[in-house]
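Working notes, structure below.
In what follows, chains are A, B, ... by sequence order, proteins preceding strands, each numbered from 1.
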Protein chains: 2
Amino acid sequence: MSMTKDDGEYVQTLARGLTVIRAFGPQHQKLTLSDVARRANLTRAAARRFLLTLKRLGYVKSDDGKYFSLQPAVLDLGYAYLSSIPWWEIAQRYMEEVSAAVEESCSAAVLADGDIVYIARVATQRIMSMTINIGSRMPAYATSMGRVLLAHQEPAWLDDFIEKTNFAPITEHTVVQKPALRKLLTEVKRQGFCIVDQELEAGVRSIAVPLFDRQGKCQAAINVGTHIARVSKMKLTTTVLPALRTASSKITAAWTA
Amino acid sequence: MSMTKDDGEYVQTLARGLTVIRAFGPQHQKLTLSDVARRANLTRAAARRFLLTLKRLGYVKSDDGKYFSLQPAVLDLGYAYLSSIPWWEIAQRYMEEVSAAVEESCSAAVLADGDIVYIARVATQRIMSMTINIGSRMPAYATSMGRVLLAHQEPAWLDDFIEKTNFAPITEHTVVQKPALRKLLTEVKRQGFCIVDQELEAGVRSIAVPLFDRQGKCQAAINVGTHIARVSKMKLTTTVLPALRTASSKITAAWTA
DNA sequence: GAACTTATGTTCGCTATACGAACACACGGG
DNA sequence: CCCGTGTGTTCGTATAGCGAACATAAGTTC
């Protein structure tokens, strides 16, 4: 029937099964077999097979046999990724130091497609209206960590990315003009840090630095987010930046793999 | 060949594919096809098919075609679970309040098998030697949240659990005698909170309260972990406990589903 | 550095496996 | 009560995934 991905080395069943997990989400804790089938574009028969399988594996629960819901076991999958990052624990430790020193939240993120994905976080008082947590995604172009990560990408890749992406303004301050953005990124790479001032959310200003591996490749970014009323732009560069830089180099130094 | 789980409504391929993700972990960021096959008990051919599939889906990367590693996209799976929890965001907010008020880390966890699994966390200064994060697991019997969750489980289930589990001491204070443990749990349920004093790690004392849904069923627990030198046992009940209780009832009140 | 051994990755014909059309069953509205 | 609509389940069939067998690379030994 569908010959889209049929290479003989593609396991359709696995791909379909994973969409079942993704069928759950906000406002969709409890789903019937048919709900899942609809949301994952599967026949009811298929959805049933997958749900029953996931249930046996402990990823899914169903008390009454009608409504299915995800179980904490699915976190093990994400944890497999997190724990596979060689510098993850180390970063966490030094981020705690940063957070304690500046009394603000500190996060780490990597790039995935055009988004940043949070992989570690030490939270203090909330500054953003949105809830950020591990696994959360934000558009790279409007975040301090995103800019840092983009700036350190291969030039060819970056060209292509800027070319084909449509940058939408998020606040009134968001820079979306491609030439302007490109210039900002060059500057970010030159100076080795990035400040984003209320481009993602009004009242929020954050600063990020890159995280290099032993080979000098930028693998992630760490940042500190502040409220404009609490921390001046000046203080960001004089106090927070040095703390981030110290942490960044310490993490690089402690890199195991 | 193997007729172990062959009910006709069990999709072997999905189960196998998921083990591929779990093959990665600490000290196993980059794995060859053969490594994966070994660690997941698959033939090399199967491991190859799965890895190539996961690669196409963006869950796995392979620069050279030899070494494979997990990508941030796998966090989306865990995120599907977290975001499906109706009170997750709300809890996060009130936990931030608790953490700010008492200036200590606050976590939320649910029960899975005999473990607690962390599902939300507001971290301040580190008190444990281990790194805790979302998805982390700890033995339920030796943690404050674990005791709370166990105490509110169905009596029949609890009997069975205590019966068939072998409780190993973690520190010199860990209570492992089954009658003593059972007595503690009864007390926990009666008083509506649980203090665990250095039973999980020396120098660490924590207090937990249950989190009820609208129907009065205990769905999770939230706790505050402290260092014995910084917070007295007295202060735990006089200051921290009220904060936790307030948060708990506010979360229940704001429960949407 | 040839000759052998071991381990890794890939191919390909076969059959077990996952597939979905068809069926049965529950619900609800007229 | 009947009919329409939606949900879950069965079962024969085709095909998707399987692994034995092959090729190719990486070590070992003399």
Requested in this report: Write down the distance between OH (B:Y67) and C1' (C:dT8), rounded to a whole number of angstrom.
Outcome: 11 Å
Query raised in the report: What is the distance, rounded to the nearest whole Å, between atom CZ of A:R39 and atom P of D:dT7?
Result: 14 Å
Report task. Name all residues meeting the salt bridge (charged side-chain N to carboxylate O under 4.0 Å, His left out) criterion together with A:R48; count only those two or more places apart in sequence or in a different chain, and write none if there are none. Result -> B:E9
Query raised in the report: So, for B:H28 and B:F24, which heavy atoms are closest and what is the spacing to 0.1 Å?
Result: O-CD2, 3.5 Å
Query raised in the report: Does OP1 or OP2 of D:dG17 have a side-chain N or O of A:T13 closer than 4.0 Å?
Result: yes
Report summary line: Expected string for nucleotides 9-14 of chain D under the B/S/- scheme (protein heavy atoms, under 4.0 Å, primed atoms plus P, OP1, OP2 as sugar-phosphate) is BB----
Query - Atom pair CZ/CZ of B:R44 and B:R38 - distance to nearest 0.5 Å - result: 8.5 Å
Query raised in the report: Rounded to the Å, how far apart are B:L14 CG and D:dG17 P?
Result: 11 Å
Query raised in the report: Within this structure, what is the CZ-to-P distance between B:F68 and C:dT8, rounded to whole angstrom?
Result: 14 Å
Query raised in the report: Which residues pass the salt bridge (charged side-chain N to carboxylate O under 4.0 Å, His left out) test with B:R245, sequence neighbours left out?
Result: none
Query raised in the report: Residues in side-chain hydrogen bond (donor to acceptor under 3.5 Å, both in side chains) with A:N133, at least two apart?
Result: B:Q92
Query raised in the report: B:L51 has an atom CG; how far is it from atom C1' of C:dG9, in whole Å?
Result: 12 Å
Considering only distance and modelled atom types, tabulate donor-acceptor pairs under 3.5 Å from the side chains of residues 107-122 of chain B, sequence neighbours left out.
| residue | atom | partner | partner atom | Å |
| --- | --- | --- | --- | --- |
| B:S107 | OG | B:R121 | NH1 | 2.8 |
| B:D115 | OD2 | B:R137 | NH1 | 3.4 |

Query - Residue that, paired with A:L77, satisfies side-chain contact (heavy atoms from CB on, under 4.5 Å) out of B:V74, B:L77, B:L70 - result: B:L77
Query raised in the report: Please give, in whole Å, the distance from C:dG20 P to A:N41 CG?
Result: 12 Å
Query - 5' priority, DNA chain C, between B:S34 and A:F50 [closest heavy atom] - result: B:S34
Query raised in the report: Once you round it to whole Å, what is the distance between C1' of C:dA16 and CD of B:Q12?
Result: 9 Å
Requested in this report: Take the protein atom CG of A:L42 and the nucleotide atom C1' of C:dC19, then report the distance between them rounded to whole Å.
Outcome: 11 Å
Report task. Give the angle between the helix axes at the two ends of the helix from C:dG1-D:dC30 to C:dG30-D:dC1, taking five base pairs at each end and rounding to 10°. Result -> 30°
Query raised in the report: Should the ring pair A:F167 and A:Y141 be called parallel, tilted or perpendicular, given that the plane angle runs from 0 to 90° and is split at 30 and 60?
Result: perpendicular
Query raised in the report: Are A:D35 and A:K30 close enough for a salt bridge, meaning some N to O gap below 4.0 Å?
Result: no
Report task. Respond yes when some side-chain nitrogen or oxygen of B:R16 is under 4.0 Å from OP1 or OP2 of D:dC18, and no when none is. Result -> yes
Report task. Tell me which of A:V11 and A:K66 sits closer to the 5' end of DNA chain D, going by the nucleotide each one is nearest to. Result -> A:K66
